[in-house]
Amino acid sequence: MEERREFPAFPYEPYSIQLDFMNALYQSLNKGGVAMLESPTGTGKTLSIICSALQWLVDKKQHQKTQMDSSSNLSGKQEDQLGVDDEPDWMRDFVINKDTKSPEKKTKEKKQMGFNKKIDRKGKRDNVRDLITNGGGKDEDADTEKVKNLLTKHEVEGMDEEEFLVEEYESEDENGGRSKRKGGGVPVNSSSEEEKDEDNMEDEEDEARPKIYFCSRTHSQLSQFVKELRKTKFADEVKVVCLGSRKNFCINKDVLKLGSSAQINEKCLELQKSRKKEISKISKTKNIRACGRAGRSKTSSGCPMLRNHKRGKEFRSEVSQQGPLDIEDLVQIGNDLKTCPYYGSRSMVHTADLVVLPYQSLLSKSSRESLGLSLKDSIVVIDEAHNLADSLVSMYNAKITLSQLELVHSHLESYFMRFRNLLGPGNRRYIQIMMVLTRAFLQVLRNENCQSTFDPLCNAEGSKSGFESSTAINEFLFALNIDNINLYKLLLYIEESNIMHKVCGYGHKLALSVEVSGLKNNDQSSHDESALSGFQALVNMLLSLTNKDGNGRIIISRPRPKCSMQQGGYLKYVMLTGEKIFSEILNQAHAVILTGGTLQPIEETKERLFPWLPPNQLHFFSCGHIIPSANILPIVVPQGPSGHSFDFSYSARSSSVMIQELGLLVSNLVNVVPEGMVLFFSSFDYEGQVYDAWKESGIIGRIMKKKHIFREPRRSTDVETVLKEYKETIDALSHRSSKRDPESRNGAILLAIVGGKVSEGINFSDGMGRCIIMVGLPYPSPADIELMERIKHIEGFDTSSGKNTKFQAERSWYNGDAQAGLDILKSCKHRGKQYYENLCMKAVNQSIDTFNSPLAYSYALCGFSYSSAFQSSAVGRAIRHINDYAAILLVDKRYTYDPSERSSSHSTNKFPQWIKGRLISGTKNYGELQRLLHQFFKFHKGKEDNQ
């Protein structure tokens with residue numbers, strides 16, 4: 001038993017559960033390895049993480065310093081004894097400094113030497129990425145002159161096409177080896193776009209080790225973390241840098257107005273390439289006077305926010321002086337200094353003690369390499385880790401739509417027809433290969449040329465849905481007769497030759513000339529960008545096809561007839577295994593900490609990310625809730641006012657009896673529950689079905705006599721407006737006295753969706769969430785073909801052998817309809833079925849946890865100035881008093897259990913302990929439910945009136 005520590009950096013008097021959490025985290029960091037720490041939302045989790053993890057970091061650095069001092073003193077004594085002082089200063093300095101290069105600088109040297117690596121045809125995709133990031137030689141003077149001479153003779157409609165001709169490309173035979181390039185090109189992959197100027201930036205300080213990486217899902221959550229950090233003494237003691245996406249950091253208005261993240265990324269990289277090409281030309285100029293002119297041209301190329309290195313240094317200096325800054329602060333400094341905050345923040349990672357960054361930047365290997373993140377001996381804290389496994393594998397998915405394929409194929413054909421006589425044999429061969437691939441992909445989406453009814457790509461034709469199917473990678477390649485194509489060499493060619501930008505640029509110019517000729521009148525402003533996005537989608541799909549056959553599945557979704565011009569189809573690679581990806585992080589880091597408000601049930605996360613880990617090596621800690629037991633009332637509601645049992649299973653939920661019984665329940669509850677009610681449905685479709693039925697039967701009218709009705713919108717951008725109106729309605733009605741007019745409205749009701757914006761990260765305080773109603777058990781749709789593929793993969797995984805045994809499924813199971821999915825679930829014996837149930841209960845827990853966070857904050861933080869902790873909510877939160885309270889109703893007979901016989905597999909056993917310990921297993925009838933609710937709200941109303 002380790003000694004309990006105190007954490008003086010905690011800015012307030014910590015509660016016992018906060019101390020428990022901080023001690024559990026500190027001990028986990030000491031031990032290393034993997035830990036899962038659960039603390040309900042609202043219990044000060046973020047502040048506890050900061051104070052514990054940074055205290056460990058400070059202690060660790062102090063211990064290292066003490067050891068170094070002791071070692072230095074010892075070596076000094078030995079040198080005195082051996083007479084080392086007789087050596088000249090320059091010799092001692094040389095010996096001391098020769099190995100002082102930082103690990104990051106050594107890595108750069110290795111990368112510069114990496115051009116001698118060769119492609120292994122059967123190698124892993126990581127080796128391909130290494131080759132992709134290393135450019136070829138740049139002997140372009142003679143060949144560029146030849147190209148210029150050729151192009152002057154070939155003009156189309158007055159267009160200068162010199163810039164679109166790809167440089168001559170030759171590769172060695174198919175036995176592998178480096179490709180030879182005549183003429184330089186610029187790598188186009190975002191994982192290799194780091195600027196030379198940024199790489200060569202002067203950095204006299206060694207890299208800070210160990211380092212803490214804190215990551216969460218959204219930028220707003222990261223900003224909240226920084227705000228909490230500022231409240232502690234560590235704000236002045238540690239170096240902090242906040243990373244984010246280009247879209248959130250960009251201050252170039254011309255780039256930012258493009259809107260989408262993909263287009264902003266492409267434009268940013270394109271600007272960097274144009275700058276590097278200009279620098280390359282300057283470096284090859286032998287005429288001194290030409291160098292002077294080139295120096296002027298440099299300022300006219302690339303992004304204007306990266307031209308002045310002096311401003312970049314000013315940015316780093318300013319950020320260092322101001323302490324912990326979030327993304328908004330960094331953007332403001334970048335705007336003030338007219339320098340890029342995206343690259344400016346990246347340049348500070350090397351010396352930072354604490355790096356705050358989004359999921360993608362840390363979990364994706366290519367992103368880590370691009371940012372220069374070294375996880376060796378560091379601490380990784382992943383917050384909001386309840387959906388970590390799905391988030392991780394989704395980063396390695398790839399998707400290309402039918403419209404993207406058509407656009408890319410059209411561009412390739414136009415380019416090839418125009419330049420085929422000017423292209424060398426290497427370029428012609430690879431462009432033709434790309435055309436073969438895009439044509440094959442188009443044929444499978446259009447359902448053309450199916451060889452037989454046994455063709456795995458055609459088996460969805462006679463199915464119930466008829467539009468979705470799945471197949472393994474090898475089956476896909478063989479069926480399309482493209483298994484003989486060396487995808488590794490093709491990907492290398494795409495990266496080295498810059499063919500994407502050449503083809504898309506020519507296509508854009510061609511389309512623009514047609515528009516000018518009056519033959520077409522479309523907006524071409526984003527034509528080039530959409531073509532580039534489509535080309536990148538093709539590259540991502542090809543890269544996915546280099547994965548091992550069992551690591552994922554290909555989803556083929558053909559266009560629906562209702563879609564005009566065959567729009568709507570797509571090919572998608574779905575990564576199924578995350579343990580290997582996550583093991584790369586675990587093997588490098590000293591400790592990986594998964595935190596969240598609702599991590600239970602933890603078995604699903606463990607089996608999908610680290611199934612090989614012995615149970616005794618996983619540290620799991622869950623702290624209780626701070627709120628008094630009297631302030632929360634969770635009840636299972638198995639039947640409605642008419643006595644009909646509630647069963648919202650997939651097969652029974654659409655019955656008119658079930659929908660009307662739920663309506664009767666809600667229309668009665670609005671008379672008992674004050675202020676705000678939130679009603680959770682499993683999906684938008686089901687919520688719409690229920691609402692329409694209630695409206696037709698008159699139930700909506702009955703409800704609206706007591707409460708206004710609000711509905712969660714499908715568009716996430718509209719959620720804030722709806723929540724604001726919901727809150728304002730409740731606030732306005734709560735100030736009226738219901739005693740004078742018992743028939744008047746007493747609040748509002750919000751119809752929300754499990755897994756929607758409201759259930760994920762929107763916290764409600766006081767009257768906004770007096771009663772939370774969970775309709776049924778929100779199991780994911782069995783018609784989701786991607787989900788069914790994951791379930792089959794998980795069911796077939798053999799933990800004893802560490803291998804995935806083939807889950808035997810009939811051909812009809814690949815069709816993507818609901819009945820096929822239900823058949824799969826019935827055939828699952830253990831792991832797949834457990835995973836499906838865990839998804840449901842995690843969704844329930846997340847919704848409940850979100851709506852009860854105000855209870856904890858109102859109790860634990862009463863009397864302190866914590867207003868900034870609530871700024872990330874869409875509506876803002878104002879905790880006013882200690883006596884916040886809420887009821888939770890679980891409406892479905894499947895929640896019912898016998899307390900004396902409840903098995904460990906029952907759904908209610910997957911609730912957090914603070915819910916399980918207070919749950920009323922069921923009421924005998926509606927009258928008992930109404931009595932419990934009436935007493936609960938009367939008691940708390942009396943407490944409010946007495947304050």
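For this chain, numbers begin at 1 and follow the sequence in order. Side chains included, hydrogens not; waters and symmetry mates left out as well; all remaining heavy atoms used.
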Trainee: Might you point out which heavy atoms bring Glu789 and Ile555 nearest each other, and give the distance in Å?
Mentor: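 Closest pair (atom of Glu789, atom of Ile555, distance): CG-CD1, 4.2 Å.
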
Trainee: Show your reasoning for whether side-chain contact (heavy atoms from CB on, under 4.5 Å) applies to Leu490 and Met434.
Mentor: CA-CA 8 Å; Leu490 176 60; Met434 284 188 282; 3.8 Å; yes

Trainee: Scan side-chain atoms only and decide if Glu369 and Ser367 contain a donor-acceptor pair under the 3.5 Å cut-off.
Mentor: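 On atom types as modelled, these side chains do not qualify, holding no pair under 3.5 Å.
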
Trainee: Kindly say whether Cys504 contributes a backbone atom to a donor-acceptor pair with the side chain of His508 at under 3.5 angstrom?
Mentor: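 The answer is no, because no donor-acceptor pair under 3.5 Å joins these two groups.
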
Trainee: Distance check, rounded to the nearest 0.5 Å: Lys572 atom NZ versus Glu468 atom CD?
Mentor: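 With rounding to 0.5 Å, NZ (Lys572) is 10.0 Å from CD (Glu468).
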
Trainee: Can you tell if the side chain of Ile494 reaches within under 4.5 Å of the side chain of Met500, non-hydrogen atoms only?
Mentor: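 Contact flag for Ile494/Met500 side chains = yes.
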
Trainee: So which heavy atom on Ser370 is nearest to which on Arg346, and how close?
Mentor: O-NH2, 3.0 Å

Trainee: Side chains of Lys548 and Thr577: closer than 4.5 Å at any heavy-atom pair?
Mentor: no

Trainee: Would you call Lys267-Asp254 a salt bridge at under 4.0 Å N-O?
Mentor: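 No salt bridge links Lys267 with Asp254.
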
Trainee: Do Val408 and Val503 make a side-chain contact, defined as non-hydrogen atoms from C-beta onward lying under 4.5 Å apart?
Mentor: no

Trainee: For a 4.5 angstrom cut-off between non-hydrogen side-chain atoms, does Leu388 reach Leu363?
Mentor: yes

Trainee: May I ask you to check whether over 12 heavy atoms, not counting those of Asn474, lie within 6.0 Å of atom CG?
Mentor: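 Result for CG/Asn474: enclosed.
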
Trainee: Under a 4.5 Å cut-off applied to non-hydrogen side-chain atoms, are Ile554 and Leu545 in contact?
Mentor: yes

Trainee: I'd like to know if the side chain of Asn427 pairs up with that of Tyr493 as donor and acceptor (distance under 3.5 Å, no hydrogens or angles considered).
Mentor: yes

Trainee: Would you sort out whether Tyr573 and Tyr396 count as a ring-ring contact (aromatic ring centres under 6.0 Å, His included), showing the intermediate values?
Mentor: CA-CA 8 Å; Tyr573 174 79; Tyr396 292 82; 9.6 Å; no

Trainee: With rounding to the nearest 0.5 angstrom, report the CG to CG distance, Leu357 to Leu373.
Mentor: 6.5 Å

Trainee: Give, for atom CD1 of Ile431 and atom CZ of Phe416, the distance between the pair rounded to the nearest 0.5 Å.
Mentor: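 Answer for the CD1-CZ pair, Ile431 versus Phe416, is 7.0 Å.
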
Trainee: Any side-chain heavy atom of Asn252 sitting closer than 4.5 Å to one from Leu271?
Mentor: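 A side-chain contact exists here, since the closest heavy-atom pair is under 4.5 Å.
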
Trainee: Is Arg558 close to Arg446 at the side-chain level, that is, under 4.5 Å between some pair of heavy atoms?
Mentor: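 No; the side chains remain at least 4.5 Å from each other.
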
Trainee: Please list, chain by chain and in numerical order, all residues satisfying side chain to side chain donor-acceptor pair (under 3.5 Å) with Asn248, sequence neighbours excluded.
Mentor: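 For Asn248, the residues satisfying side chain to side chain donor-acceptor pair (under 3.5 Å) (neighbours in sequence not counted) are His219, Ser245.
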
Trainee: For the CD atom of Glu406 and the CG atom of Leu445, what is their distance to the nearest 0.5 Å?
Mentor: 9.0 Å

Trainee: Is there a donor-acceptor contact under 3.5 Å from the side chain of Arg246 to the main chain of Leu269?
Mentor: no

Trainee: Evaluate side-chain contact (heavy atoms from CB on, under 4.5 Å) for Arg608 paired with Val393, printing each intermediate quantity in order.
Mentor: CA-CA 10 Å; Arg608 293 185 66 193; Val393 296; 4.0 Å; yes

Trainee: Asn540 side chain to Ala398 main-chain N or O, any donor-acceptor pair under 3.5 Å?
Mentor: no

Trainee: Within the distance-only criterion (no hydrogens, no angle test), does the side chain of Asn551 pair as donor or acceptor with the backbone N or O of Asn547 below 3.5 angstrom?
Mentor: no

Trainee: Looking only at non-hydrogen atoms, find the nearest pair between Arg428 and Leu423 and report the distance.
Mentor: NH1-O, 2.5 Å

Trainee: Would a 4.5 Å heavy-atom cut-off, applied to side chains only, mark Tyr570 and Leu402 as touching?
Mentor: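 Answer no - side chains too far apart.
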
Trainee: Just how far is it from atom CD of Glu579 to atom CH2 of Trp612, taken to the nearest 0.5 Å?
Mentor: 10.0 Å

Trainee: State plainly whether the residues Arg553 and Glu786 are in salt-bridge range, i.e. N to O under 4.0 Å.
Mentor: no

Trainee: Ignoring hydrogens and geometry, is there a side-chain-to-backbone donor-acceptor pair from Gln588 to Glu584 under 3.5 Å?
Mentor: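 Yes: the side chain of Gln588 pairs with the backbone of Glu584.
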
Trainee: May I ask you to decide if Leu543's main-chain N or O and Thr546's side chain share a donor-acceptor pair within less than 3.5 Å?
Mentor: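 Yes: the side chain of Thr546 pairs with the backbone of Leu543.
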
Trainee: If we ignore angles and hydrogens, is there a donor and acceptor under 3.5 Å between the side chains of Glu413 and His409?
Mentor: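 Yes, a side-chain donor-acceptor pair sits under 3.5 Å.
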
Trainee: For a quick test of reading the model, state the closest non-hydrogen atom pair linking Leu371 to Ser361 and the distance between them.
Mentor: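 Taking every non-hydrogen atom into account, CD1-CB, 3.7 Å.
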
Trainee: What verdict does the side-chain contact (heavy atoms from CB on, under 4.5 Å) test give for Asn484 and Leu477, after you've listed the backbone C-alpha separation in whole Å, the side-chain angles of each residue and the deciding distance to 0.1 Å?
Mentor: CA-CA 9 Å; Asn484 58 336; Leu477 296 175; over 6 Å; no

Trainee: State whether the side chain of Ser414 and the backbone N or O of His411 hold a donor-acceptor pair below 3.5 Å, judged by distance alone.
Mentor: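 No, Ser414 side chain to His411 backbone: no donor-acceptor pair under 3.5 Å.
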
Trainee: Looking only at heavy atoms, what is the nearest atom pair of Gly244 and Phe249, with distance?
Mentor: N-CE1, 3.1 Å

Trainee: What pairs with Phe441 under ring pair (Phe, Tyr, Trp, His ring centres under 6.0 Å), at least two apart in sequence or on another chain?
Mentor: Phe476

Trainee: Could you tell me how the ring of Phe419 sits relative to the ring of Tyr415: parallel (under 30°), tilted (30 to 60°) or perpendicular (over 60°)?
Mentor: tilted

Trainee: Grab the two heavy atoms, one from Met417 and one from Arg420, that are nearest each other, plus how far apart they are.
Mentor: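 Minimum heavy-atom contact is O-CG, 4.1 Å.
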
Trainee: Arg368 and Ile585: side-chain contact (heavy atoms from CB on, under 4.5 Å), yes or no, with the steps?
Mentor: CA-CA 10 Å; Arg368 291 198 304 273; Ile585 298 174; 3.8 Å; yes

Trainee: Atom OG1 of Thr401 and atom CG of Leu571: how far apart are they, to the nearest 0.5 Å?
Mentor: 9.5 Å

Trainee: Would you find a donor on one side and an acceptor on the other, under 3.5 Å apart, between the side chain of Ser410 and the backbone of Leu407?
Mentor: no

Trainee: Do Glu496 and Lys489 sit within salt-bridge range, that is, some charged N less than 4.0 Å from a carboxylate O?
Mentor: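 Lys489 and Glu496: not salt-bridged.
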
